[in-house]
There are 2 protein chains.
Amino acid sequence: MFKPVTIKDIAKALNLSTSTVSRALRGGYEISEETKRIVLDYAEKINFQRNPIALSLKERRSYSIGVVVCEVANQFFSQAIDGIESIAYSKGYHVIISQTHDKYNREVINTEHLAHRSVDGLLISLSAETKDYSHLVKLHQQGLPIVFFDRILDSIQTHKVTSNNFKGAFNATEYLIESGCKRIAHLANAAQLSITSERQSGYEEALKKHNIEIKPELIRYCQHGGSNVQEVEEAVRYFLDMDEKPDAIFVASDRLSTGCLAALKKYNKTEDLLIAGFSNSDVVELLKPSLSAVRQPAFEMGRKAAEMLISLIESKYPVEEFETAILETTFKKND
Amino acid sequence: MFKPVTIKDIAKALNLSTSTVSRALRGGYEISEETKRIVLDYAEKINFQRNPIALSLKERRSYSIGVVVCEVANQFFSQAIDGIESIAYSKGYHVIISQTHDKYNREVINTEHLAHRSVDGLLISLSAETKDYSHLVKLHQQGLPIVFFDRILDSIQTHKVTSNNFKGAFNATEYLIESGCKRIAHLANAAQLSITSERQSGYEEALKKHNIEIKPELIRYCQHGGSNVQEVEEAVRYFLDMDEKPDAIFVASDRLSTGCLAALKKYNKTEDLLIAGFSNSDVVELLKPSLSAVRQPAFEMGRKAAEMLISLIESKYPVEEFETAILETTFKKND
DNA sequence: TTGAAAGCGCTAACAT
DNA sequence: ATGTTAGCGCTTTCAA
């Protein structure tokens with residue numbers, strides 16, 4: 001059995017009380033330099049580590065933060081997680097990641113699991129399927145610090161970080177227009193997500209600016225965020241089967257973008273359409289059909305979200321003022 | 001402050017002792033059906049959850065397993081993690097993921113952190129930089145269950161899972177040969193990794209079989225696993241600058257494969273070489289230059305590793321017999 | 001400066 | 001069938 005050393009062991013070995021050892025270890029000043037040295041040296045020698053579980057129980061906090069994302073096998077989220085970790089580690093927090101796979105059920109289970117697992121706070125990007133937010137409202141009301149990133153929730157008052165989705169979508173759409181496209185379809189994420197409406201607005205605004213009519217039939221939503229391939233293929237098929245085919249597609253997310261390209265390849269329509277979309281893929285310039293990409297500052301978003309959460313956690317007083325940070329995207333043409 | 005309900009609260013509310021409540025909750029049979037009902041109903045009503053921290057402290061185990069990988073932003077590992085989670089959740093374990101970014105230091109810190117954070121066991125794929133294994137040896141000696149997957153370590157006696165790297169590499173190389181290539185370079189991972197030598201053997205065996213001389217100058221190692229771009233670019237540059245240029249490259253890993261393609265694109269040499277390599281990318285057939293890919297059963301590997309670890313954790317007696325599972329790869333041509 | 005003791009939330013002998 | 005108590009490893013009053 002794996003049995004770490006405890007302060008009791010040290011106390012016994014050194015003929016001291018556990019309280020003295022504890023104090024020496026955390027550098028309390030009410031302890032003689034000499035005793036402190038002895039304890040510290042011994043602890044060092046046997047590579048003693050305090051039991052964080054015991055500490056958590058005592059202090060009623062775990063120095064860990066929970067992260068809930070739809071999936072980790074997604075460049076945007078894995079980059080965001082890297083950002084989260086970079087801050088968390090530097091501030092002494094551990095990061096516990098959990099995936100929803102865009103399922104509402106998993107989101108409920110995971111958030112509650114994390115909360116009761118005593119994370120000190122939650123960083124969450126909503127699952128595509130989630131329409132009922134009561135699990136989060138409840139935790140929030142109970143006082144669990146929560147920060148939303150990317151797919152945020154308006155109705156809960158807390159810090160939030162997201163990209164300038166409107167502008168990112170606007171840029172991408174305008175690029176398609178300026179490339180000569182006239183009938184631009186929009187492959188969108190689940191309708192109720194914050195990012196979906198923001199990106200759709202950007203798309204529509206670009207059309208408007210260039211006097212192109214907005215046609216609802218050119219917009220398709222993927223209610224499962226593209227987590228099943230079929231959903232994306234059907235949407236693409238729908239576009240391809242239209243009497244008046246689109247000449248371009250603006251795609252709303254990472255997952256959807258690659259799904260869309262794959263579908264086009266499958267249907268052998270790689271030449272007919274210009275594609276632009278959100279993607280944080282690190283191979284975006286290697287893709288064929290090519291994808292002009294709106295890239296979000298995912299790492300930065302993770303950092304910012306983690307900073308916000310930790311400030312919430314460590315705040316001495318209840319926080320009343322909340323911030324919604326909006327980070328700028330970049331756009332990269334590829335052809 | 002976030003303050004969950006405790007069994008004490010329930011006991012008080014119901015005028016029972018904490019032990020009765022505890023027993024009712026865990027369904028002990030030495031409790032009257034009626035009391036049990038009352039407690040269960042009440043707990044349900046207030047959505048009571050046992051404090052897992054307290055439980056961990058008491059039982060000296062946490063029902064969580066630690067996963068150490070180089071990075072999560074890598075299709076192979078994120079798929080493996082999905083596999084790990086699928087088993088872990090079904091058996092009531094939580095998964096704590098941590099990344100080394102292929103740094104030795106991070107591996108040491110993370111493994112120790114996890115161990116002392118009281119994970120019940122460790123699932124690890126070594127970092128590319130790791131050459132000193134004493135941190136793992138120590139934990140293993142202390143009795144912490146460890147299972148290696150993918151990048152395994154021979155010198156520690158425990159369960160292991162890996163792909164048939166030899167055969168995967170053999171197939172890829174043979175494909176290149178059968179496509180008419182005569183001078184096949186090998187872009188390899190860090191030399192000391194288990195997967196590196198296995199894949200190199202496969203590569204060499206294929207050459208031998210087809211009577212092609214093995215030339216050491218055609219093999220380049222990336223000691224940091226390609227975690228810095230430069231390293232990969234330099235290796236590719238080296239191949240391109242040879243007097244007798246290779247006509248194909250067999251690439252040893254996911255990260256290296258995309259890095260290699262990106263470098264070829266950068267140097268504008270996308271047409272000159274045939275590329276085959278290990279990759280679990282889900283967009284592999286969309287890549288240009290094209291990549292014929294050896295795909296590992298990552299999800300399956302994750303499942304298997306998790307099963308092995310949990311069996312180790314839950315074994316009543318010290319386990320003496322260890323298994324090394326070898327999973328078959330698949331190969332997909334792309335052109 | 002140090003030690004004894006209580007308590008964080010829970011479980012499991014050991015009473016009753 | 002239920003309650004009392006001790007203890008998991010640690011910190012922190014309170015006393016000495």
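Note that these values count all heavy atoms, side chains included, but never hydrogens, waters or copies made by symmetry. Numbered from 1 within each chain, the chains take letters A, B, ... in sequence-line order.
Using a cutoff of 4.0 Å between basic side-chain nitrogens and carboxylate oxygens, B:Arg106 and B:Glu71 are not scored as salt-bridged. Using a 4.0 Å cut-off between a side-chain N of Lys or Arg and a carboxylate O of Asp or Glu, A:Arg50 and A:Glu59 do not qualify as a salt bridge.
No side-chain heavy atom of B:Tyr93 sits less than 4.5 Å from a side-chain heavy atom of B:Leu309.
Checked options A:Leu114, A:Ile124, A:Leu144; the residue passing with A:Leu139 is A:Leu144 (criterion: side chain to side chain contact (heavy atoms under 4.5 Å, CB included)).
Boundaries of the chain B contact region on DNA chain D are D:dA1 to D:dG9, first to last in 5' to 3' order (nucleotide atom under 4.0 Å from a heavy atom).
In summary, the side chains of A:Asp102 and A:Ser227 do not present any donor paired with an acceptor at a separation below 3.5 Å, with no hydrogens or angles considered.
Seen from the ring of B:Phe299, B:Arg303 does not count as a face-on cation partner, given the 6.0 Å and 45° thresholds.
The environment of CD in B:Glu44 is sparse: at most 12 heavy-atom neighbours from other residues, nucleotides or ligands sit within 6.0 Å.
In this structure, the CD1 atom of B:Ile10 is 13 Å from the P atom of C:dG9, given to the nearest Å.
At distances below 3.5 Å, not a single donor-acceptor pair connects side-chain atoms of B:Lys8 with backbone N or O atoms of B:Thr18. A donor-acceptor contact shorter than 3.5 Å is absent between the side chain of B:Gln79 and the backbone of B:Ala298.
Taking the six-membered ring wherever Trp is involved, the centroid distance between the rings of A:Tyr104 and A:His135 falls below 6.0 Å.
In the helix from C:dT1-D:dA16 to C:dT16-D:dA1, the end axes, each obtained as the rotation axis mapping the C1' atoms of four pairs onto the next four within a five-pair block, lie 50° apart to the nearest 10 degrees.
Counting non-hydrogen atoms under 4.0 angstrom, A:Ile53 reaches nothing in the nucleic acid.
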- Query: In B/S/- notation, 5' to 3', how is nucleotides 10-16 of chain C contacted by protein heavy atoms closer than 4.0 Å?
  - Reply: BBBB---
